[in-house]
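Structure, as structure tokens:
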Amino acid sequence: MRLIKQNIEKKDGSGSATLLPEEPEDMWHAYNLIRPTDLLRASALRRITTESATGSTSSQRVQTTLTLRVTKLDFDPQASQLHVSGTVAEENKYVKLGGFHTLDLELQRNFTLTKADGWDSVALAQLRESIDQTKKAVCWAVVMQEGLANICLITEYQTILRQRVEVSLPKKRGTGKSSDHEKAVQRFFHTVLETLLRQLDLANSPASPVLLASPGFTATSFQSYIKSAASSSTPGIDVKTLKALLPQLLVAHSASGYLHSLAEVLASPAVTAKLSDTKFARETQLMDRFYELLRKDDGRAWYGPREIERAVEKGAVGRGGGVLLISNSLFRSQDVAVRRRWVTLVDKVKDDEGGEVRILSSVHESGKRLEGLGGVAAILTFPIEDLDDMGGEEGGEDVEEDEVVQPEVEGVEGRETIHEEFEI
Amino acid sequence: MQRVKNVDYDEDDLYDDDEEYGEESDDRDSEQNRSSFAELTPVVRAELEEAGVQASDKAIEDALWNSFWDVGKSVVFLKDRNAPRQTPKKQEKAKSKFDQAAERSAKETGGSSKLAKLAEERRKKAAATAAGGSSTDSELSSLDRLTKPKDSKENDAPSSVAEPRKYPIRKKREPTPPPKEPTPPPPTEPEEEKPDLRASPTAFARTLSTHPVQGRKVTAPALADLLGTEQSEDPFKGPSPDDTVLKAQQRSKGRSLSKQTEALKLDSQSTQATIRSKGLDVPKLWAEEKAKRKPAAAFVVIGHVDHGKSTLMGRLLLDAGAVSQRDVNKYQKQAAEMNKSSFALAWVMDTGDEERERGVTFDFAQHHFSTPKADFTILDAPGHRDFVPNMIGGASMADMAVLVVDANQLESGMKGQTKEHILLAKAVGLKKVVVAVNKLDAANPAWSQDLFEQVQADVRKLLLDSAFAEQDIKFVPCSGLGGANVVNAPKASSPAAWVSKAHFTLLQALERSIPPRIADQEVIRQPLRMQIVDVFRGGVTNPVSIAGRISSGSVQIGDIVTVRPSGEKATIRAIDVLDEAKDYAVAGQICSLHLSDIEAQHLRSGDLVCSLQHPVHGRRSVVLLIDVLEPLLPQPVDVHVGRLHVPATISQLVETVDGKGEQLKRRPRLLKAGQRARIKVSFEGSVPLVVGERVIVRTAGVTAAHGTVE
């Protein structure tokens, strides 16, 4: 995203910023920046219905710039689209004050954002992050097992399931060669490769690394299938683009073909060698360390909102190894008080205690793991026992997935998903 | 301009169409025609008398002449002589009674309109050409029609004035049969026609023709005269245009198609007949045949990778006579070519190319063999840690376990899958275990009794720690590759001679370990539950087949079952148990069900087949009571229920409990190994789970917990 202009007062955080989203991932940043009650000024398509004197109506669509008081945000990670709903805050010749409108933010079109209760430290950090122009690492991953392949795109902030291929494979049967099974596996590989190539769109975008991960030998077999496909003409597959793909392939191990094994894949040495220094590499590392400490149960790793707040109060998340891991979904809360609670916590750790704060993307793999723990976790500088037993019976809070973005679920909707299984 | 012209031309062309038969033979007094008159006049008269209409011979002859010997039309013509629109048509060779009836009915419903006449005309032409042996292109191309001679006679008919011009254009594409015809009449030979037959039409034909004609005679002419069209009649009385078109298509495709359709109908009937349920009382039958049956058991072969599971089973099958020496020799040769001659026996079980190439079993293989004393099903599980999900699938179908340990490499297995497999075997509910201490011939010294004793002690400890009962464990020293003490006891002269003194062979041990089927009758009377382990193509006659072990209830040919979670229904077409066709199968048996009325895409391995009356409902989240083996947090996990492998998330650690299920701590932060706890697990979709089902929870390729659904 490019910052076009800004007039934010350092002191009270008032003012606005004008931004230009340039690539799909910028929509994700916008989703985290824009909150309900903010003022958003952006171009929109509005359908105007006019009624003539005789009572006949005609409608036309006009391009106009609207200023909205945001009421709701809806992010579609598959298409990287952000729908913003709100009430019109500035009248113009097409719309009345207080009218409702939902607009899609568009790439290459400026939008101006004014924070209702000022730009707080987290918002500013997010703004800084979003306008960082350094080239971002992008890679693809195919997490597979026999009969199942999840093709996903891994960017700095998101892991997006782009396509799931699910095929029912017959098992090997009886003695002798099980040709049905072999044939089905070949057909499965063909489908996965075709789907992958369609997703990669090699003709229009430079090749990025493609991780093939599976338990057993499926990924290796798939790699050799791609190699053989590249050396012979396979119907429906362009050999030239395939040759460009070959050097980008990377085989890794995963415990299963399901998406949550991606964490293991991203932590594997083959991957970290290629993708080190990225934001998510560091976050995955921190999450692993947290899990490890938690397993040891030495009182230095805690999770859950109440526990962490208590730990911060006690000054346990400070200089010398204190790390606060917090999911950005917490800042997306509709409730201003809830957001303020977390912003205060972050400010306290960062400014007063000197600890490290990591805001994890809720749609990234490490962030998803954190979501499971209630969205907030910490590695303490000194062990504290029984944080959960202090002050009442209620220990960890329920992990309810209310407003958490679930890309898997959205992946199902309307997308071309091969042999997707629907529940009844 | 050109376009408009064409349209006009088309319409003209349409009217021409009626007149194309105008120039038929004028020679009314020819010998042949005379005899035709003589033959047909009485017939027409009979029909007319029946309808209470008087007509002179001359009039009948005229009508017949004009209608080109069509008795039915002549009759209608004479009846409706007052209505000028009812100009009789000609050109009909097939004069079946059915046709007559149909035409008559057509006449008085929609048939009297110009449009229907046109359509009928064309149809008849088509039928005529078909009968004449020429090509059955009933849909006359415009070009053909252009060449026909014009005749303006037809245009004199008054009804054509109000004819909506659009309809003819449309109809031109589809020769339309008489609209109210219920089914295309089966073509009958015109020669077989008998006057007396025609004289007394069936009730069917009468309903079709006579009554509406009379009804219309009262009202329709007046209306039609007023409006000049039949449109005033109930527009929905006749069949819809779509029906008309469909019928026309059906008709125009000729007799061969209708015959085919007929054949198809018969076919589907016969299919239904074959899968009609015999209505067997399966539990009773099962109990009655109990005496005749040999004991049967399925055993899963478990153990660490490369400890020789597949080879041992290859040996067992070979020596038990289930696999011919010739096949094994063939494998031997092929394996030698790949420098893997020691894998030849394993190839009996490992049939996949990849499996053979890498020398590792990927998925469990299933094989039946019989001894004089019992029927066995081998489920040869993979030992590699990545394929533990497949091992769970195999173990969940078994009645007992054969644990294979490499006497020389006990350590690797103790840390690896020997231990994990023992845990999993216990977790899926297996009680009896036969431990095959393998590769004793490769020990140093060969067949060292000390080594065997030592391995026996270690493994026994592990099994006892995993809550197997002492009396359920049997140890067998053996060599899969050499074949000693598998089926045949080693020779007295060999270093393994000590074995036969104190130990059974593997086969004997298996026969002695067959667990009794507990509460057989009770389980069989429960509703049907079978987890699908494999979906495959059972052959040309059985395109959709599934395999699995029936966990409760029974199934017989003709039963209708439902598959969860897809909710689709299927009919059981055939049942195979132990590779033999059977009429029914009961709980505890591993069987193949050949299905019909379902698409393979609705079936996945791991799905549940249930009886229609008592289906299992899918659940999005369940509470599990688990024994924890690895630390657990609220985190994503893999949940295994037999062959079913689904991703899930632990959404809540509900409580830790003691041995009796009493709460120890509410909402623990972390579950540690050795604890017993309740956890809440949520799935992405809905999963068919029954209370009490055995569940295994794995994470990152490690078994983390096992337990049951609450």
Side-chain angles (χ1 to χ4, degrees), chain A residues 145-147 166 168-178 180-182 185 214-218 221 253-256 258-261 263-264 291 294-297 301-304 307 368-369 372-374 387-388 393-401 406 408-409 412 419 421-424, chain B residues 323 327 348-355 358 360 362-367 384 386-387 389 533-537 547 564-567 579 600-601 603-605 618 620 631 633-638 645-647 649-653 666-670 672 684-687 698-702:
Chain A
Q145 65 190 34
E146 277 200 357
E166 205 172 347
S168 174
L169 296 180
K171 241 167 51 71
K172 60 176 186 178
R173 301 189 64 77
T175 47
K177 290 254 294 157
S178 48
D180 271 3
H181 177 77
E182 307 284 323
V185 169
S214 80
F217 308 99
T218 314
S221 308
H253 180 270
S254 72
S256 78
Y258 294 104
L259 205 59
H260 60 72
S261 321
E264 185 196 349
Y291 269 73
L294 197 58
R295 290 221 170 87
K296 281 190 198 153
D297 200 26
W302 284 93
Y303 69 88
E307 289 84 347
K368 273 185 218 160
R369 280 200 275 172
L373 302 173
L387 261 179
D388 49 343
E393 167 76 6
E394 201 66 15
E397 282 179 16
D398 280 9
V399 183
E400 295 298 342
E401 297 138 15
Q406 294 227 311
E408 288 92 342
V409 176
V412 174
H419 296 310
E421 274 187 334
F422 291 95
E423 77 279 349
I424 12 161
Chain B
V323 173
D327 285 343
V348 174
M349 307 305 288
D350 295 350
T351 51
D353 278 347
E354 281 267 297
E355 288 184 318
R358 295 182 194 274
V360 174
F362 289 3
D363 201 351
F364 71 86
Q366 194 179 316
H367 220 291
H384 193 284
D386 276 357
F387 303 117
V533 165
D534 187 16
V535 181
F536 61 100
R537 199 182 140 81
R564 298 286 154 158
S566 74
D579 294 337
Q601 70 188 43
L603 302 162
R604 288 292 151 87
S605 51
R620 283 182 161 272
L633 292 166
Q635 67 184 46
V637 288
D638 289 352
H645 175 191
V646 285
T649 310
I650 300 180
S651 53
Q652 200 182 80
L653 307 178
R666 195 164 162 266
R667 301 277 168 84
R669 190 170 64 102
L670 167 77
K672 287 172 231 169
E684 274 173 26
S686 73
V687 176
R698 303 187 88 229
T699 162
V702 182

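Naming convention: chains lettered A, B, ... in sequence-line order (proteins, then strands); numbering from 1 in each chain.
- Your options are B:Leu670, B:Val533, B:Asp638, and the one with the most heavy-atom pairs under 4.5 Å with chain A is B:Asp638.
- Between A:Glu307 and B:Arg669 there is no salt bridge, since none of the side-chain N atoms of the basic residue sits less than 4.0 Å from a carboxylate O of the acidic one.
- One finds the CG atom of B:Asp363 at 7.0 Å from the NE2 atom of A:His181 (value rounded to the nearest 0.5 Å).
- Not counting sequence neighbours, B:Phe364 has no partner by the ring-ring contact (aromatic ring centres under 6.0 Å, His included) test.
- For B:Lys672, the side chain to side chain donor-acceptor pair (under 3.5 Å) partners are A:Asp297, not counting sequence neighbours.
- Between the CZ atom in B:Phe387 and the CD atom in A:Gln145 there is a gap of 10.5 Å [rounded to 0.5 Å].
- With chain A as partner, the option from B:Val535, B:Val702, B:Asp350 having the largest number of non-hydrogen pairs under 4.5 angstrom is B:Val535.
- Here CD of B:Glu355 is found 8.0 Å from CD of A:Glu182. Values are rounded to the nearest 0.5 Å.
- Annotation for B:Asp534 and A:Leu169: closest pair OD1-O, 4.1 Å, computed over non-hydrogen atoms.
- The contact between B:Arg358 and chain A is made entirely by side chain atoms (from C-beta outward), counting heavy-atom distances below 4.5 Å.
- The aromatic rings of A:Tyr258 and B:His645 stand perpendicular to each other, their planes meeting at an angle above 60°, with 30° marking the opposite boundary.
- One N or O on the side chain of B:Asp386 and one on the backbone of A:Gly216 form a donor-acceptor pair closer than 3.5 Å.
- Only the side chain of B:Leu653 comes within contact range of chain A, judged by heavy atoms closer than 4.5 Å.
- Here the closest non-hydrogen pair linking A:Gly372 and B:Pro634 is O-CB, 3.3 Å.
- In this structure, OG1 on B:Thr699 lies 7.5 Å from NE2 on A:His260, to the nearest 0.5 angstrom.
- Closest heavy-atom contact between A:Glu264 and B:Ala700: OE1-CA, 4.5 Å.
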